Amino acid sequence: MDFKRSDFPQGFVFGAATAAYQIEGHKFGGAGPTHWDTFAAGPGNVVRAEDGALACDHYHRFAEDLDLLKDAGMDAYRFSTSWARVMPDGRTPNPAGLDFYDRLVDAMLERGLQPFQTLYHWELPSALADQGGWMNRDTCKYFGDFTDVITDRIGDRIHAIATINEPWCISYLSHFLGHHAPGLKDIRAAARAMHHINLAHGEAMARLRGKGMKNCGIVLNFDHTDPKDSTPEAAQAAATMDAINNRWFIEAVTKGTYPEEALAGLAPHMPAGWQDDMAQISQPIDFLGVNYYTRHKVTHDASVVWPNVASEEGPGAKTQMGWEIYPDGLQSFLTRLSQDYVGDLPIFVTENGMAWDDHLENGAVSDPERTQFINDHVMATKRAIDAGANVQGFFYWSLLDNYEWAFGYEKRFGIIHVDFGTLKRTPKASYHALKSAIAR
């Protein structure tokens, strides 16, 4: 690695991130069914129809996983609390689920790890999906109730709370493009989900503030979008996709508005009176989480439905996901978000990582590509800090190889290899390189 801990401001946080459904094992501890279980059971939705029933069995092995974090010299652990574990039907508390997160948070603190909690990372209880899920405004209220229940139990020990992880994926990717649960391709469903997920954030923020909670924010994902060529049509296509992918959520949260380029297609399908919700959606946050992976090149394509855009990966080297490796995009977003939206508000890189076709050989995993990826993106983060962005931490995605949603267990993002037959954990070369770089 070309960096060391002392290159960063005092108190800069290094950590790794996971999500509940992707690692815990959802068949344990009274967790209820989720719309991801249903989606995975549908034909062609998920590689080999795999689901999160066992995953990495973090539910039983969390102590081992937290020891690996501690041994790497990490400062913090970004985790999520499963709504369907805490409230299996979306509304009724499950004592076993609350007890699990009690044990988990205590175990972090015992190891000197700061708990960075995400309230919702995609595991919508099936009982609420039956009522329309994120298309139904009532889901926002139920999410507020979930926020109350889990915060009353563990909020006294949490360092930071993010309300929602990647609203774009929850809404547009899942309700318009159909790639994630519930797998819809419906612009009316997408418009409503895109607004209601923002409203759910606002509802959770109001509940958290009512309890006097500090250090509360949201985690948004950003995709660097460039025009494919120099034509005005390509420039317009890039502006439209930037409005949908990047500006919709950050402008709602920080400005109480939606971008006109996105409303041009979505406005006719928005829920009535949506404008009245913007004040609640845009109440102040304490930090912004930034998830960044790749960039796309886009151009106008009148033959497809709105937004009339054709998209492709950029020309650079690709990860196992087929995503272009483009560290400059991370630096660009961190500086842009600081300058245009959040000012001096703390920013955390809450996810950044790569999938690679890793293999365990002679008890070890050599992954120089991932080591280089981490190095280049941490250095991009440092350049953003040098340019004035108040970036206060970097979380690698992910701690463990895990359930990668529609890609099942095929794509490996972890700095720790998981043998999905035996569940044995093996730190990869990238883990050891990062450990050396951040050593005190």
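One-based numbering along the sequence shown. All values reported here derive from a predicted model rather than from experimental measurement.
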(message) As a test of understanding, state which of Arg370, His417, Arg412 forms a side-chain hydrogen bond (donor to acceptor under 3.5 Å, both in side chains) with Asp358.
(response) Arg370

(message) Exactly one of Glu50, Gln22, His179 should register a side-chain hydrogen bond (donor to acceptor under 3.5 Å, both in side chains) with Trp405. Which one does?
(response) Gln22

(message) Just by distance, no angles: are the side chains of Tyr258 and Asn198 close enough, under 3.5 Å, to form a donor-acceptor pair?
(response) yes

(message) Does either side chain, that of Asp51 or that of Trp36, offer a donor lying less than 3.5 Å from an acceptor on the other one?
(response) no

Can you give me every donor-acceptor pair (side chain of residues 38-45, partner residue at least two apart or in another chain, under 3.5 Å) with its distance?
residue: Asn45; atom: ND2; partner: Phe39; partner atom: O; Å: 2.8

(request) Please check if the side chain of Ser126 supplies one atom and the backbone of Pro33 the other of a donor-acceptor pair under 3.5 Å. (result) yes

(message) Looking only at side-chain N and O atoms, does Glu361 offer a donor or acceptor that is under 3.5 Å from a partner on Ser366?
(response) no

(request) Report the residues that fulfil side chain to side chain contact (heavy atoms under 4.5 Å, CB included) with Asp277, sequence neighbours left out, ordered by chain and then residue number. (result) Arg137, His195, Leu199, Ile281

(request) Give a yes or no answer on whether the side chain of Asp138 reaches the backbone of Asn136 with a donor-acceptor pair at less than 3.5 Å. (result) no

(request) Would you check if the side chain of Ser332 reaches a backbone N or O of Asp328 as a donor-acceptor pair within less than 3.5 Å? (result) no

(request) Dump the intermediate steps for side chain to side chain contact (heavy atoms under 4.5 Å, CB included) on Arg78 and Thr118, then the final yes or no. (result) CA-CA 7 Å; Arg78 179 174 173 245; Thr118 301; 3.2 Å; yes

(message) Please check this pair: side chain of Ser174 against backbone of Cys169, looking for a donor-acceptor N/O pair closer than 3.5 Å.
(response) yes

(message) Tyr120: which residues meet the side chain to side chain donor-acceptor pair (under 3.5 Å) condition with it, sequence neighbours left out?
(response) Trp134

(message) Check this for me, if you would: do Arg207 and Asp148 make a salt bridge, where the nitrogen-to-carboxylate-oxygen distance has to be below 4.0 angstrom?
(response) yes

(message) Could you go through Phe14 and Phe12, starting from their C-alpha distance and side-chain angles, then the distance that decides it, and tell me whether this counts as ring-ring contact (aromatic ring centres under 6.0 Å, His included)?
(response) CA-CA 7 Å; Phe14 287 99; Phe12 189 87; 5.0 Å; yes

(request) For residues Phe116 and Tyr77, establish whether the separation of their ring centroids is below 6.0 Å. (result) no

(message) Hydrogens and angles aside, do Asn375 and Asp2 bring a side-chain donor and acceptor to less than 3.5 Å of each other?
(response) yes

(message) Under a 3.5 Å distance rule, please check whether Arg192 uses its side chain to pair with a backbone N or O of His269 as donor and acceptor.
(response) yes

(request) State, without any angle test, whether Asn291 and Glu351 hold a side-chain donor-acceptor pair at a distance under 3.5 Å. (result) yes

(message) In terms of relative ring orientation, are Phe333 and Phe222 parallel, tilted or perpendicular, with 30° and 60° separating the classes?
(response) tilted

(message) With a 3.5 Å distance limit and no angle check, can you tell me whether Ser311 reaches the backbone of Val309 through a side-chain donor-acceptor pair?
(response) no

(request) For Arg91, enumerate each residue passing the salt bridge (Lys or Arg N to Asp or Glu O under 4.0 Å) test, keeping only those at least two apart in sequence or located in another chain. (result) none

(request) Start with the C-alpha gap between Leu220 and Trp168, add the side-chain angles, then the distance that decides, and say whether side chain to side chain contact (heavy atoms under 4.5 Å, CB included) holds. (result) CA-CA 8 Å; Leu220 306 179; Trp168 178 87; over 6 Å; no

(message) Any salt bridge linking Glu313 with Lys318? Criterion: basic side-chain nitrogen under 4.0 Å from a carboxylate oxygen.
(response) no

(request) Check whether the side chains of Asp367 and Ser430 place a donor and an acceptor atom closer than 3.5 Å, and report yes or no. (result) yes

(message) List the residues meeting side chain to side chain contact (heavy atoms under 4.5 Å, CB included) with Pro227, not counting sequence neighbours, and say none if there are none.
(response) Ala234, Ala238

(request) State which residues pass side chain to side chain donor-acceptor pair (under 3.5 Å) with Lys141; sequence neighbours excluded, sorted by chain then number. (result) Asp145

(request) Take Tyr21 and Asp37, measure what side-chain hydrogen bond (donor to acceptor under 3.5 Å, both in side chains) needs, and give me the verdict at the end. (result) CA-CA 10 Å; Tyr21 189 82; Asp37 300 308; 2.5 Å; yes

(message) Show every ring pair (Phe, Tyr, Trp, His ring centres under 6.0 Å) that has at least one partner inside residues 297-328, sequence neighbours left out.
(response) His224-Tyr326, Tyr293-Trp323

(message) I'd like to know whether the aromatic ring centres of Tyr142 and Trp83 sit less than 6.0 Å apart in this structure.
(response) no

(request) Look at the side chain of Tyr409 and the backbone N and O of Ala55, then say whether any donor-acceptor pair between them is shorter than 3.5 Å. (result) yes

(message) For Lys297, give me all partners under side chain to side chain contact (heavy atoms under 4.5 Å, CB included), at least two apart in sequence or on another chain.
(response) Asp226, Lys228, Arg295, Glu312, Pro315

(message) Test of understanding: with side chain to side chain donor-acceptor pair (under 3.5 Å), list the residues that count as partners of Asp75, not counting sequence neighbours.
(response) Arg5, Arg440

(message) Between Lys435 and Asp71 (salt bridge meaning N to carboxylate O under 4.0 Å), is one present in this structure?
(response) no

(request) Kindly write out the residues that satisfy ring-ring contact (aromatic ring centres under 6.0 Å, His included) with Tyr59, not counting sequence neighbours, or none if the list is empty. (result) Phe28, Phe100

(request) Using the test side chain to side chain donor-acceptor pair (under 3.5 Å), find all partners of His359 that sit at least two apart in sequence or belong to another chain. (result) Asp357

(request) Please identify each residue that fulfils side chain to side chain contact (heavy atoms under 4.5 Å, CB included) with Pro268, with sequence neighbours left out. (result) none

